[in-house]
Novice: 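Quick one: structure below, then a few questions.
Numbering starts at 1 and runs along the sequence shown. We use all heavy atoms of the structure for the numbers below, so side chains are in, but hydrogens, waters and symmetry mates are not.
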Amino acid sequence: MFAYGIDKLTADKTMAIAQGNLKAILSDYAINKINDCRHKVEVMANSKKAVYGINTGFGPLCDVKISPEETSLLQKNLLITHAVGVGNPIDKELSKIMLICKVHALGRGFSGIRLEVIERIIYFIENDLLPVVPEQGSVGASGDLAPLSHLFLPLIGEGEFWIANEIVPAMQVLKAHNLEPIELAAKEGLALINGTQFILAHAIIGLRKMEYLLDLADVAGAMSLEGYQGSESPFKELLHSIRPFQGNLVVAERMRMLFKNSNNIKSHENCERVQDPYSMRCIPQVHGASRNAYYHLNDLAEIEMNSVTDNPIVLSETEAISGGNFHGQPLAMVLDYAALASSELGNISDRRCYLLLEGKFGLPRLLTASGGLNSGFMIPQYTTAALVTENKSLCFPASADSIPTSLGQEDHVSMGSISGRKFNQILGNIEKILAIELMYAAQAMEFRRPNTFSEILEKNFSIIRSKVPKLEEDRILKDDINAMINLVRNRAFIVK
């Protein structure tokens, strides 16, 4: 059981709630805090003192006083006018994560929203009523205004829901569930659309992907090194203890685990080779640096998951602070860093693919015993090269840019929504690059038989061979590559 607004939210718990594996509730304590904060808003809304967003306009119109009679229309207009997103809809899972994160933030009791509104959002979550949200349009400053507006239009009977894979008008869905549209009250529109939940959802999804791909990159690197018959000495514990970056230590330990009881490693212990190229020898340093970026993103995302990021923040019946908790910069910068770190996993993977094609140390050129008539695995490395370069072009930090909006009132923005989207695009390309490296590595390992490998690498070799047979003569490799990509995406490989 998870208590919204009270317990600590993590990426794993968010995904468990989204997948229905963890029940999430509003506790009596959270309900009392929500109701108490709502009372404070109602007092301010009926006072003569101007309080931003409660009895005034928004952004550059913050100096326009709004009467109590106009409050509801003001909040409705806020959602309608800010729903200006464009582009393809985001994945349904992302919409659900946004809803979960928003409920947790609102449940903290600093946003002044009514209990019935939060309960309606929880109903959406529990019944898989997932709003349609366009992917483009947020600058990540006053929160993710456009995507969050689309996310909550269905509360007022506007916008659209996903029903299975169909887009259905929200009003039609509400009627099917015997629900009436909600008439928003003072502060509620702002509480809904101010916040970083679009950026945060992309961080959470990306963290889950990156965690697995970091582990899989170690497996792919180990299999490539076995096929190359490289040395295991660069992974010795003492070497890394004298430069103890956390990520490096973890990767070195994992490499030792992946080589445990390898007959192939032992078979060439006394060879005359002095050292391997960096893409083999420096796996702990490169993969480890990417892990360090993952740890950083995870730490900051967990802070954000458990924060209040709307505006203004309600503290008492007389004080609502208009600050900048909605600004996406804390996540934007670390998402750009994580994007670069993820890209490097593909960069070094492509280099290992290239090494396996060179025809050195007992491997045939292009990993085919009958080269000339057959091109073997020459061409898939073109694909990894293209994906690596595409990732490089996506590594320009979106957070390095800022374009003023709202007549200059919002004169510095984070662009964190773009950082989050690019991060996940890069991870999607990494899935494809590692899939190709694993295919190459399995082919290289074939040429080391009858040598055997560690138990975990042998199991992964068998997983590959269950979908992709050894390449004896040229064939269309597109189906093989797609089969490998599906194995990666379905997390079929054993990584621990």
Novice: Is it true that Glu188 and Arg114 have a side-chain N and a carboxylate O under 4.0 angstrom from each other?
Specialist: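 Yes.
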Novice: Any non-hydrogen side-chain atom of Ile125 less than 4.5 Å from a side-chain atom of Val103?
Specialist: yes
Novice: With a 6.0 Å cut-off (strictly less than), is the heavy-atom count around CD1 of Ile379, excluding the residue itself, greater than 12?
Specialist: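 Yes, CD1 of Ile379 has more than 12 neighbouring heavy atoms, counting only those of other groups under 6.0 Å.
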Novice: Please determine, by modelled atom types, if Ser111 and Asp310 share a side-chain donor-acceptor pair under 3.5 angstrom.
Specialist: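 Short answer, yes.
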Novice: Verify the neighbour count for atom CD of Glu166: are there more than 12 heavy atoms of other residues, nucleotides or ligands below 6.0 Å?
Specialist: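 Result for CD/Glu166: open.
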Novice: Any heavy-atom pair between the side chains of Lys432 and Val488 that's under 4.5 Å?
Specialist: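 No - every pair of side-chain heavy atoms lies 4.5 Å or more apart.
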Novice: Evaluate whether atom CD1 of Ile476 has more than 12 neighbouring non-hydrogen atoms of other residues, nucleotides or ligands under 6.0 angstrom away.
Specialist: no
Novice: Give me the atom names and distance for the closest heavy-atom approach of Met484 to Met439.
Specialist: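 Scanning both residues, the minimum pair turns out to be CE-N, 3.8 Å.
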Novice: I'd like to know if Asp480 and Lys467 make a salt bridge, using a cut-off of under 4.0 Å between side-chain N and carboxylate O.
Specialist: no
Novice: Side chains of Asn127 and His177: do they bring a donor and an acceptor to under 3.5 Å?
Specialist: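 There is no such pair (donor and acceptor under 3.5 Å, judged by atom type) between the side chains of Asn127 and His177.
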Novice: Which heavy-atom pair separates Ile403 from Met415 by the least distance, and what is that distance?
Specialist: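 Distance-wise, the nearest heavy atoms are N-CE, 3.9 Å.
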Novice: Quick one: side-chain hydrogen bond (donor to acceptor under 3.5 Å, both in side chains) partners of His104, sequence neighbours excluded?
Specialist: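 His104: side-chain hydrogen bond (donor to acceptor under 3.5 Å, both in side chains) contacts with Asn306.
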Novice: So that I can tick it off, tell me whether Arg291 and Asp218 are bridged by a salt bridge, with the cut-off set at under 4.0 angstrom between side-chain N and carboxylate O.
Specialist: yes
Novice: Indicate yes or no: at least one non-hydrogen side-chain atom of Leu129 is less than 4.5 angstrom from one of Ile163.
Specialist: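 A side-chain contact exists here, since the closest heavy-atom pair is under 4.5 Å.
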Novice: Heavy-atom distance under 4.5 Å between the side chains of Pro404 and His412, does that happen here?
Specialist: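 Side chain of Pro404 against side chain of His412, heavy atoms only: no contact under 4.5 Å found.
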Novice: Using a 4.5 Å cut-off on heavy atoms from C-beta on, say whether the side chain of Arg421 contacts that of Phe198.
Specialist: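 In contact.
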Novice: Using a 6.0 Å cut-off, check whether atom OH of Tyr29 has over 12 heavy atoms from anything other than its own residue.
Specialist: no
Novice: For Phe161, give me all partners under ring pair (Phe, Tyr, Trp, His ring centres under 6.0 Å), at least two apart in sequence or on another chain.
Specialist: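 Phe124.
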Novice: More than 12 heavy atoms of other residues, nucleotides or ligands under 6.0 Å from CZ of Phe245: yes or no?
Specialist: no
Novice: Side-chain polar contacts of residues 332-345 - donor-acceptor pairs under 3.5 angstrom, sequence neighbours left out - could you list them?
Specialist:
residue: Asp336; atom: OD1; partner: Ala398; partner atom: N; Å: 3.4
residue: Asp336; atom: OD1; partner: Ser419; partner atom: OG; Å: 3.0
residue: Asp336; atom: OD2; partner: Ala398; partner atom: N; Å: 3.3
residue: Asp336; atom: OD2; partner: Ser399; partner atom: N; Å: 2.9
residue: Asp336; atom: OD2; partner: Ser399; partner atom: OG; Å: 2.5
residue: Asp336; atom: OD2; partner: Ser419; partner atom: OG; Å: 3.3
residue: Ser342; atom: OG; partner: Ala338; partner atom: O; Å: 2.9
residue: Glu344; atom: OE2; partner: Asn347; partner atom: ND2; Å: 3.3

Novice: Does Arg352 come within less than 4.0 Å of Asp276, counting only side-chain N to carboxylate O?
Specialist: no
Novice: Tell me whether Arg120 is salt-bridged to Glu116, with the criterion being a basic N under 4.0 Å from an acidic carboxylate O.
Specialist: no
Novice: So, Asn429 and Glu390: side-chain donor and acceptor under 3.5 Å apart, yes or no?
Specialist: yes
Novice: Checking Glu304 against Thr196: is there a side-chain donor and acceptor pair closer than 3.5 Å?
Specialist: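 Judged by distance alone, the side chains do pair up.
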Novice: Under a 3.5 Å cutoff, is there a donor and acceptor pairing between the side chains of Glu302 and Thr10?
Specialist: no
Novice: Measure the shortest side-chain to side-chain distance between Ser349 and Thr384 over non-hydrogen atoms and say whether it is less than 4.5 angstrom.
Specialist: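 SC-SC contact between Ser349 and Thr384 ruled out.
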Novice: Report yes if some heavy atom in the side chain of Arg465 is under 4.5 Å from a heavy atom in the side chain of Phe461; otherwise report no.
Specialist: yes
Novice: Among Ile121, Leu106, Leu26, find the one that has a side-chain contact (heavy atoms from CB on, under 4.5 Å) with Tyr4.
Specialist: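 The option that passes is Leu26.
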Novice: Among side-chain atoms of Gln246 and Asn292, is any donor-acceptor pair under 3.5 angstrom?
Specialist: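 Not at all, the side chains of Gln246 and Asn292 share no donor-acceptor pair under 3.5 Å.
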Novice: For Glu253, I'd like to know if atom CD has over 12 heavy atoms of other residues, nucleotides or ligands within 6.0 Å.
Specialist: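 Not buried by this count: 12 neighbours or fewer within 6.0 Å.
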Novice: When you check the gap from the basic side-chain N to the acidic O, do Asp128 and Lys96 get nearer than 4.0 Å?
Specialist: yes
Novice: Does OH belonging to Tyr295 count more than 12 external heavy atoms closer than 6.0 Å?
Specialist: yes
Novice: For a ring-ring contact (aromatic ring centres under 6.0 Å, His included) check, start with the C-alpha distance between Phe235 and Phe259, then their side-chain angles and the critical distance, and finish with the verdict.
Specialist: CA-CA 10 Å; Phe235 314 112; Phe259 295 135; 5.7 Å; yes
Novice: Between Phe110 and Arg108, is there a cation-pi geometry (under 6.0 Å to ring centre, at most 45° from the normal)?
Specialist: no
Novice: Partners of Asn165 by side-chain hydrogen bond (donor to acceptor under 3.5 Å, both in side chains), sequence neighbours excluded?
Specialist: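 Lys92.
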Novice: Tell me, please, which residues at least two apart from Ser241 pass side-chain hydrogen bond (donor to acceptor under 3.5 Å, both in side chains).
Specialist: none
Novice: Verify whether one side chain among Thr309 and Asn325 offers a donor that lies under 3.5 Å from an acceptor in the other.
Specialist: no
Novice: Hey, are the side chains of Phe326 and Leu145 touching, using non-hydrogen atoms and a 4.5 Å cut-off?
Specialist: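 No, every pair of side-chain atoms sits at 4.5 Å or beyond.
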Novice: Under the salt bridge (charged side-chain N to carboxylate O under 4.0 Å, His left out) rule, collect the residues that match up with Arg243, sequence neighbours excluded.
Specialist: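 With neighbours one apart ignored, the set is empty.
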Novice: So which heavy atom on Pro131 is nearest to which on Pro154, and how close?
Specialist: CB-CG, 3.9 Å
Novice: I need the minimum non-hydrogen distance between Ile426 and Cys395, along with the two atoms involved.
Specialist: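 Heavy-atom minimum between the residues: CD1-SG, 4.1 Å.
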Novice: Does atom NZ of Lys209 have more than 12 heavy-atom neighbours from other groups under 6.0 Å away?
Specialist: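 Atom NZ in Lys209 is crowded, with more than 12 foreign heavy atoms closer than 6.0 Å.
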Novice: What is the minimum heavy-atom distance between Cys101 and Thr14, and which atoms define it?
Specialist: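 Heavy atoms only, the tightest pair is SG-CG2, 4.4 Å.
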